[in-house]
Amino acid sequence: MSAGQDTKPQKPGYWQPAVTRDPLLRKHGALGQPVSRIDGPLKVQGAARFAAEFPYDNICYAALAFSTVARARISQLHVGDAEKAPGVILVMTYRNAPRMKAPSLMMSSPNAAGASDLPVMQTDEIHWNGQPIALVLAETQEAADYAASLIDADYDLLPAVTSFAEAKANPRQLETLLGQPPVLEIGDAESALRAAAVQVDNLYRTPRHNHNAIELHAATVAWSGDNLRVHDASQLIDLTTGQLAEIFGIDPANVHLTSPFVGGGFGGKCLWDHQILACAAAKLASRPVRIMLSREGVFRVVGGRTVTEQRVALGADETGKLGALIHTGIVAMTPHNSCPEQFTFPARHLYAAGSFRLAQEVADMDMLANTFMRAPGESVGTFALECALDELADKLGIDPIELRRRIEPETDPTSGKPFSSRMLVEAYERGAERFGWRHRNRKPGQVRDGEWLIGLGCATATYPYHRFPGGAARIKLTEDGSVAVSTAVHDMGMGTATAQAQHISARLGVPLDKVSFEYGDSHLPRGVIAGGSTQTASIGGAIIAASEVFIEELLKLAGNDSPLAGLSFADVEARNSGLGHVQDQSRFETYQSILLRAGRTELVCQAEAPPPAEMEAFSMHSYGAQFCEVGVNQITGETRVRRFLGSFDAGHILNGKMATSQFKGGIIMGIGLALTEETNFDERTGRIVNASLAEYHVPVQMDVPQIDVIYLDEADPQAPMGARGIGEIGITGVGAAIANAVYNATGKRIRDLPITLDKLL
């Protein structure tokens, strides 16, 4: 038993995080089948109703006008022409908006969901270039959009910091880095670096990135007295429900929010100004309101990834053993949010070293609040760390995979905790064999295909395991033997409902066609956010707890006339749509039979997941090995990814078809991070200048090569269902794998993303 584990007596047969394994793990093969997504038919038939598609009588449509300066007070708002425009119902500004409380920063309280703690359209003050200054309601979307274009403002400018270089001159230290210390030092890393036989010490830079989900951010809202109905595209149903209640000063029970379908989230589908403004406008107009941001509106109102500047310094002996690992740097942020792009996190857990210095600061700028985006921290942190490791391997004359094998730790390098499960070396071995890594020419610039220089690169992928506390699940068994499980969680297209239906089917021994999974509704038992690759484990923990209550209640209902009479929870297991003795196959009774004899038509049970003790006792992460082949055109400098392979150690894979899709999607995002994506921020004005998909380049079909995905599928004994999160790990390590392949092709190290042709010519 590891230090810190609870040693008090436990009920036999129950799941006790960090002490016992999930009982489902002994049912070999119960999960993992490549079942097609159960919401697939609805989506291909156009029957899946998204947030901007709910019909209401007398509905009106909203459009926003945005500020064009970074810091100011509004001296004049010119809204007369907009108010007179055809079809306009009203124009809402800070002068006539309902009084609202400012949002609370996410994680600052149980109901906090704000990306920023700034008040929303309550004062004349402007805090970023693009802040909404007015909302138009009209009878049609076209009328609202036209009227919004007529709105103008005069400003009394205030001093603004819109230059990262200027902001860096006055850095500040955070009190906490998402719950972790912002500075972590073990030994004297700077001295160890200076004394090392081989050194690498470089700066790496990554740009701003913006969210561009295909489904635009939207909400349909309506008031009935003090009751607020919200149809949203949301990753945090319960938090948004509670936050809206606080903002408008009403009981949370009076807010009903649903979000059954979310057309891509990636950290961006949280609570922003547009939902709050739609609710305020609906209250002001006494009519239902639909708001859907334009593509430009997403850039103006919804934050993304912030800029980073990272130093990675490695000191090693001639064998590759690390004496020093230093990863420090700075990110841009605002004083009104707390999302610091924690790029130092991978270095805390990946490799053994004699000393560490891991630290990051923030530089405050007057800009839109940045937020979580596609593996925040790890995606850009692995770019810097894994590029530095590749450079160290090159200096040592050691194969990059062999170097990683030599610095593989036995326990977590900085916390000392045991790993719950770690098979990174195995992932590299399998990936290298499948990819053909042995054919790589170590000397750069030696392989050609016509005018293309060909190179191979690799890098480590990693993302932490999290299981959020507070999630609950309800199980409902009906007399026909059907089972419905309900919890207010989300399915953003990753297949949550399908994977959890499979989970319930396996755990309760019920055919999949007898299982339903209800989600996406704030009236269901409290769920957890969809973020941080947490949902699978968090839902799993709640379902385990509810199933334990469910089995106990069934044993009570069974009574003395049942074959189960006298058996305790520890004696039985769920199988074949009923309960049976673990060892005596003859002692069995179906769920339907138990209900019938008890004179019941249904059984409803609910429970909350136990606290995530496994996270305190163990170091828990998903891992992967990313392999890339690129071609760099010797004439134009163009870089193309020719093929890619990801080899992952992410615990038990619950659905191979959906998991492969998730991994591939993350890799494609990583290609964008490496080669095409960059938010162009005009430091003279603080304005994003490429606020469209025509100018902000996400990877398209021609940018995406053949992608091969393999996974070890070894259950993590400490995780519910043995599964760790996979939603974000796919993007991690990709930027470094591509940059390392570019070096192998050309001999040029690119340490400033994206890798554009001007940096290679």
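Count residues from 1 along the sequence.
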Hey, are Glu296 and Arg687 close enough for a salt bridge, meaning a charged N less than 4.0 Å from a carboxylate O?
yes
Looking at Lys321, I want to see if its NZ is surrounded by more than 12 non-hydrogen atoms of other residues, nucleotides or ligands under 6.0 Å. no
- Item | Salt bridge flag under 4.0 Å for residues Glu386 and Arg404 | yes
Taking it one step at a time, do Asn370 and Glu341 satisfy side chain to side chain donor-acceptor pair (under 3.5 Å)?
-> CA-CA 9 Å; Asn370 55 285; Glu341 199 71 33; 5.4 Å; no
Assess whether a salt bridge exists between Arg205 and Asp752, defined as any Lys/Arg side-chain N lying under 4.0 Å from an Asp/Glu carboxylate O. no
| message | Please evaluate residues Ser67 and Gln131 with respect to the criterion side chain to side chain donor-acceptor pair (under 3.5 Å), reporting the C-alpha separation (whole Å), side-chain torsions for both, the decisive distance (0.1 Å), and the verdict. | response | CA-CA 5 Å; Ser67 72; Gln131 181 177 331; 5.6 Å; no
Is there side-chain contact between Pro159 and Arg71, with at least one heavy-atom pair below 4.5 Å?
no
Min side-chain heavy-atom separation Val362-Ile330 under 4.5 Å: no
Taking C-beta and beyond as the side chain, do Val632 and Lys748 meet within less than 4.5 Å on heavy atoms? no
Neighbour count >12 (heavy atoms, 6.0 Å) for atom CE, Met292
no
With the side chain counted from C-beta on, respond yes when Pro132 and Arg300 share a heavy-atom pair under 4.5 Å apart, and no when they do not. no
For this session: Over 60° means perpendicular and under 30° means parallel, so classify the ring planes of His621 and His349, tilted if in between.
Result: tilted
query: Can you tell me if Glu125 and Thr123 form a side-chain donor-acceptor pair at under 3.5 Å?
result: no
For the residue pair Tyr351 and Thr460, confirm or rule out a side-chain donor-acceptor distance under 3.5 Å.
yes
Side chain proximity check, His209 to Tyr696, heavy atoms < 4.5 angstrom: yes
Would you say CZ of Arg684 has more than 12 non-hydrogen atoms from neighbouring residues, nucleotides or ligands within 6.0 angstrom? no
**OP:** Please check if the distance between the ring centroids of His327 and Phe343 is under 6.0 Å.
**Re:** yes
Cationic N near anionic O, under 4.0 Å, Glu677 to Arg305: no
Exercise for the section: Side-chain contact test, heavy atoms from C-beta onward, threshold under 4.5 Å: evaluate it for Arg751 versus Leu203 and give yes or no. Expected result: no
Rounded to the nearest 0.5 angstrom, the OG1-CD distance for Thr414 and Gln180 is 8.5 Å
Q.
So Asp390 and Arg749, do their side chains get closer than 4.5 Å, heavy atoms only?
A. yes
- Any side-chain heavy-atom pair of Asn111 and Gln243 under 4.5 Å: no
Does Lys269 count as lying over the ring of Phe266, i.e. NZ or CZ under 6.0 Å from the six-ring centre, within 45 degrees of the axis?
no
The reported gap from CG in Asn680 to CZ in Phe299 (rounded to nearest 0.5 angstrom) is 9.5 Å
message = Could you tell me if Thr462 and Thr732 have a donor-acceptor pair between their side chains, going purely by distance under 3.5 Å?
response = no
dist Leu368:CG -> Asn337:CG (nearest 0.5 Å) comes out at 8.5 Å
